[in-house]
Amino acid sequence: GAVVSQHPSWVICKSGTSVKIECRSLDFQATTMFWYRQFPKQSLMLMATSNEGSKATYEQGVEKDKFLINHASLTLSTLTVTSAHPEDSSFYICSALRASGGYQETQYFGPGTRLLVL
Amino acid sequence: AQTVTQSQPEMSVQEAETVTLSCTYDTSESDYYLFWYKQPPSRQMILVIRQEAYKQQNATENRFSVNFQKAAKSFSLKISDSQLGDAAMYFCAYRSAWGGSQGNLIFGKGTKLSVKP
(Lines give C-alpha, C1' and ligand atoms only; values in the text may rest on other atoms or scores of the structure.)
Protein backbone atom coordinates (compact mmCIF):
# COMPACT_ATOMS: atom_id res chain seq x y z
CA GLY A 1 0.00 0.00 0.00
CA ALA A 2 0.87 3.67 0.17
CA VAL A 3 1.45 5.03 3.64
CA VAL A 4 1.57 8.68 4.59
CA SER A 5 2.39 9.76 8.12
CA GLN A 6 1.84 13.06 9.85
CA HIS A 7 3.44 14.38 12.98
CA PRO A 8 2.31 15.47 15.44
CA SER A 9 -1.18 13.98 15.53
CA TRP A 10 -2.32 16.73 17.83
CA VAL A 11 -0.84 19.88 19.26
CA ILE A 12 -1.90 22.56 21.71
CA CYS A 13 -0.02 25.83 21.66
CA LYS A 14 -0.24 29.35 22.98
CA SER A 15 -1.33 32.21 20.77
CA GLY A 16 1.63 33.80 19.01
CA THR A 17 3.77 30.71 18.80
CA SER A 18 4.65 28.77 15.65
CA VAL A 19 3.80 25.16 15.00
CA LYS A 20 5.42 22.83 12.49
CA ILE A 21 3.58 19.83 11.04
CA GLU A 22 5.45 17.14 9.13
CA CYS A 23 4.06 15.00 6.35
CA ARG A 24 6.01 11.98 5.16
CA SER A 25 5.41 9.44 2.43
CA LEU A 26 6.84 6.28 3.95
CA ASP A 27 6.97 3.82 1.06
CA PHE A 28 6.93 5.94 -2.07
CA GLN A 29 8.37 9.17 -3.39
CA ALA A 30 6.09 12.13 -3.88
CA THR A 31 7.11 15.11 -5.94
CA THR A 32 3.79 16.68 -5.09
CA MET A 33 2.07 16.90 -1.74
CA PHE A 34 -1.03 18.80 -0.73
CA TRP A 35 -2.11 20.49 2.47
CA TYR A 36 -5.76 20.67 3.43
CA ARG A 37 -7.72 22.17 6.25
CA GLN A 38 -10.96 20.67 7.47
CA PHE A 39 -13.50 22.33 9.73
CA PRO A 40 -15.95 20.20 11.72
CA LYS A 41 -18.56 18.47 9.59
CA GLN A 42 -17.20 20.04 6.43
CA SER A 43 -15.28 18.90 3.41
CA LEU A 44 -11.55 19.32 2.91
CA MET A 45 -10.37 22.72 1.82
CA LEU A 46 -7.17 22.79 -0.21
CA MET A 47 -4.68 25.25 1.21
CA ALA A 48 -1.64 24.73 -0.98
CA THR A 49 0.20 22.44 -3.32
CA SER A 50 3.73 21.56 -2.31
CA ASN A 51 6.23 20.67 -5.03
CA GLU A 52 9.62 19.19 -4.20
CA GLY A 53 12.41 21.65 -4.79
CA SER A 54 10.20 24.60 -5.67
CA LYS A 55 7.87 27.08 -4.05
CA ALA A 56 4.44 26.00 -2.96
CA THR A 57 1.34 27.13 -4.81
CA TYR A 58 -1.23 28.62 -2.48
CA GLU A 59 -4.97 28.73 -3.01
CA GLN A 60 -6.75 32.03 -3.09
CA GLY A 61 -7.26 33.47 0.35
CA VAL A 62 -4.51 31.44 2.04
CA GLU A 63 -1.75 33.60 3.49
CA LYS A 64 1.58 32.24 2.33
CA ASP A 65 3.48 34.15 5.00
CA LYS A 66 1.35 32.60 7.70
CA PHE A 67 1.33 29.05 6.40
CA LEU A 68 4.90 28.29 5.38
CA ILE A 69 5.41 25.19 3.31
CA ASN A 70 8.69 23.47 2.63
CA HIS A 71 9.11 20.38 0.46
CA ALA A 72 12.81 19.68 0.81
CA SER A 73 12.82 16.03 -0.21
CA LEU A 74 10.73 13.54 -2.15
CA THR A 75 9.31 12.11 1.07
CA LEU A 76 8.86 15.10 3.34
CA SER A 77 6.79 18.26 3.31
CA THR A 78 6.32 20.55 6.28
CA LEU A 79 3.64 23.10 7.10
CA THR A 80 4.52 25.77 9.64
CA VAL A 81 1.72 27.84 11.10
CA THR A 82 3.46 31.04 12.12
CA SER A 83 2.24 33.25 14.96
CA ALA A 84 -0.74 31.00 15.47
CA HIS A 85 -4.02 32.46 16.70
CA PRO A 86 -7.18 30.76 17.98
CA GLU A 87 -8.82 31.08 14.55
CA ASP A 88 -6.06 28.83 13.16
CA SER A 89 -7.35 25.98 15.31
CA SER A 90 -8.42 23.27 12.95
CA PHE A 91 -7.72 19.83 11.54
CA TYR A 92 -4.89 19.86 9.03
CA ILE A 93 -4.46 16.99 6.59
CA CYS A 94 -1.70 16.34 4.12
CA SER A 95 -1.70 14.06 1.13
CA ALA A 96 0.98 12.75 -1.20
CA LEU A 97 0.54 12.10 -4.89
CA ARG A 98 1.73 8.67 -5.90
CA ALA A 99 2.85 8.23 -9.48
CA SER A 100 1.85 5.20 -11.50
CA GLY A 101 2.59 4.40 -15.10
CA GLY A 102 4.02 7.85 -15.76
CA TYR A 103 0.98 9.66 -14.43
CA GLN A 104 0.54 11.05 -10.94
CA GLU A 105 -2.74 9.42 -10.25
CA THR A 106 -3.77 8.90 -6.66
CA GLN A 107 -3.54 10.95 -3.51
CA TYR A 108 -2.90 9.14 -0.27
CA PHE A 109 -3.69 10.95 2.93
CA GLY A 110 -1.98 11.32 6.25
CA PRO A 111 -3.95 10.78 9.46
CA GLY A 112 -4.26 14.50 10.12
CA THR A 113 -3.11 16.90 12.82
CA ARG A 114 -5.47 18.55 15.26
CA LEU A 115 -4.26 22.02 16.18
CA LEU A 116 -5.67 23.93 19.12
CA VAL A 117 -4.42 27.44 19.71
CA LEU A 118 -5.20 28.87 23.14
CA ALA B 1 -14.00 25.19 -13.22
CA GLN B 2 -14.87 21.69 -12.16
CA THR B 3 -17.43 21.05 -9.44
CA VAL B 4 -18.52 17.96 -7.53
CA THR B 5 -21.97 17.64 -6.02
CA GLN B 6 -23.15 15.14 -3.44
CA SER B 7 -26.84 15.73 -2.97
CA GLN B 8 -27.31 13.41 0.01
CA PRO B 9 -25.96 14.94 3.23
CA GLU B 10 -26.91 11.81 5.17
CA MET B 11 -27.84 8.25 4.34
CA SER B 12 -28.73 5.25 6.43
CA VAL B 13 -28.59 1.54 5.69
CA GLN B 14 -29.38 -1.64 7.55
CA GLU B 15 -26.48 -3.97 8.19
CA ALA B 16 -26.06 -6.51 5.35
CA GLU B 17 -28.17 -4.40 3.00
CA THR B 18 -27.07 -2.40 -0.03
CA VAL B 19 -26.83 1.36 -0.27
CA THR B 20 -25.99 3.72 -3.11
CA LEU B 21 -24.38 7.12 -2.62
CA SER B 22 -24.84 9.68 -5.37
CA CYS B 23 -22.28 11.98 -6.94
CA THR B 24 -22.45 14.22 -9.97
CA TYR B 25 -19.75 16.42 -11.38
CA ASP B 26 -19.28 19.10 -13.95
CA THR B 27 -16.28 19.39 -16.22
CA SER B 28 -15.35 20.30 -19.76
CA GLU B 29 -12.40 17.93 -19.73
CA SER B 30 -12.52 14.55 -21.41
CA ASP B 31 -9.77 12.87 -19.41
CA TYR B 32 -9.93 12.74 -15.63
CA TYR B 33 -10.13 10.51 -12.59
CA LEU B 34 -12.90 10.06 -10.07
CA PHE B 35 -12.52 8.81 -6.53
CA TRP B 36 -14.49 7.85 -3.50
CA TYR B 37 -12.80 8.44 -0.16
CA LYS B 38 -14.05 7.31 3.23
CA GLN B 39 -13.45 9.29 6.40
CA PRO B 40 -14.38 7.35 9.56
CA PRO B 41 -14.57 8.99 12.99
CA SER B 42 -10.78 8.75 13.25
CA ARG B 43 -10.75 11.28 10.39
CA GLN B 44 -8.18 9.32 8.40
CA MET B 45 -9.06 9.65 4.72
CA ILE B 46 -9.10 6.24 3.10
CA LEU B 47 -9.27 5.60 -0.62
CA VAL B 48 -12.23 3.36 -1.38
CA ILE B 49 -12.25 3.19 -5.15
CA ARG B 50 -11.07 5.04 -8.24
CA GLN B 51 -12.24 5.26 -11.82
CA GLU B 52 -10.41 6.44 -14.91
CA ALA B 53 -12.72 8.37 -17.21
CA TYR B 54 -11.38 6.66 -20.33
CA LYS B 55 -12.44 3.28 -19.01
CA GLN B 56 -16.00 2.24 -19.75
CA GLN B 57 -15.93 -0.62 -17.29
CA ASN B 58 -17.12 0.28 -13.81
CA ALA B 59 -14.52 -0.12 -11.08
CA THR B 60 -15.11 -2.62 -8.30
CA GLU B 61 -13.29 -3.29 -5.04
CA ASN B 62 -14.78 -6.19 -3.12
CA ARG B 63 -18.11 -4.93 -1.72
CA PHE B 64 -17.70 -1.51 -3.29
CA SER B 65 -18.59 -0.75 -6.89
CA VAL B 66 -19.34 2.34 -8.90
CA ASN B 67 -21.84 3.22 -11.58
CA PHE B 68 -19.95 5.57 -13.86
CA GLN B 69 -22.09 7.35 -16.43
CA LYS B 70 -19.74 9.66 -18.31
CA ALA B 71 -22.34 11.29 -20.52
CA ALA B 72 -24.52 12.05 -17.52
CA LYS B 73 -21.46 13.03 -15.43
CA SER B 74 -22.59 10.73 -12.68
CA PHE B 75 -20.43 8.59 -10.40
CA SER B 76 -22.39 6.73 -7.74
CA LEU B 77 -20.96 4.34 -5.15
CA LYS B 78 -22.71 1.13 -4.26
CA ILE B 79 -21.88 -0.61 -1.01
CA SER B 80 -23.11 -4.19 -0.84
CA ASP B 81 -23.53 -6.26 2.31
CA SER B 82 -23.06 -3.17 4.46
CA GLN B 83 -21.04 -3.61 7.63
CA LEU B 84 -20.92 -1.56 10.81
CA GLY B 85 -17.39 -0.52 9.88
CA ASP B 86 -18.69 1.14 6.74
CA ALA B 87 -20.21 3.91 8.83
CA ALA B 88 -18.29 7.04 7.87
CA MET B 89 -18.30 10.21 5.86
CA TYR B 90 -17.91 9.49 2.16
CA PHE B 91 -16.42 12.03 -0.19
CA CYS B 92 -16.60 11.95 -3.95
CA ALA B 93 -13.64 13.61 -5.65
CA TYR B 94 -12.54 14.66 -9.12
CA ARG B 95 -9.04 15.09 -10.46
CA SER B 96 -7.85 16.24 -13.84
CA ALA B 97 -5.76 13.69 -15.72
CA TRP B 98 -2.91 16.17 -15.85
CA GLY B 99 -0.59 15.72 -12.89
CA GLY B 100 1.64 18.00 -10.92
CA SER B 101 0.15 21.12 -9.41
CA GLN B 102 -2.96 20.70 -11.53
CA GLY B 103 -3.56 17.32 -10.00
CA ASN B 104 -5.34 18.47 -6.88
CA LEU B 105 -8.60 16.85 -5.87
CA ILE B 106 -11.91 18.62 -5.99
CA PHE B 107 -14.17 17.26 -3.28
CA GLY B 108 -17.89 17.11 -2.84
CA LYS B 109 -19.38 18.12 0.49
CA GLY B 110 -19.68 14.54 1.62
CA THR B 111 -22.38 12.07 2.61
CA LYS B 112 -22.58 10.78 6.14
CA LEU B 113 -23.45 7.09 6.10
CA SER B 114 -24.92 5.41 9.15
CA VAL B 115 -25.19 1.62 9.40
CA LYS B 116 -27.90 0.22 11.64
CA PRO B 117 -27.32 -3.15 13.31
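Numbered from 1 within each chain, the chains take letters A, B, ... in sequence-line order. Both backbone and side-chain heavy atoms feed into the values below; hydrogens, waters and symmetry mates do not.
In this structure, A:V62 is a member of the same hydrophobic cluster as A:I69, with clusters built from ILVMFWY side-chain heavy atoms closer than 4.5 Å. In this structure, A:I93 is a member of the same hydrophobic cluster as A:Y108, with clusters built from ILVMFWY side-chain heavy atoms closer than 4.5 Å. Tracing side-chain contacts under 4.5 Å through hydrophobic residues (I, L, V, M, F, W, Y), one never reaches A:M45 starting from A:F91; they form parts of separate clusters. A:Y92 and A:L46 are members of different hydrophobic clusters when ILVMFWY side chains are connected at heavy-atom separations under 4.5 Å.
One distance of note links CD of A:Q38 with CZ of B:F91; it measures 5.0 Å at 0.5 Å rounding. Interatomic distance, CZ of B:F35 versus OG1 of A:T106, reported as 4.5 Å (0.5 Å rounding). One distance of note links CD of A:Q107 with CG of B:N104; it measures 7.5 Å at 0.5 Å rounding. Separating the OG atom in A:S43 from the CG atom in B:L105 is a distance of 10.0 Å, to the nearest 0.5 Å.
When the shell of 6.0 Å around NZ of B:K70 is examined, it contains more than 12 heavy atoms from other residues, nucleotides or ligands.
Contacts between A:Q6 and chain B at a heavy-atom distance below 4.5 Å are absent for every atom of the residue.
Comparing B:R43, B:Q6, B:Q39 by how many heavy-atom pairs each has under 4.5 Å with chain A, the most go to B:R43.
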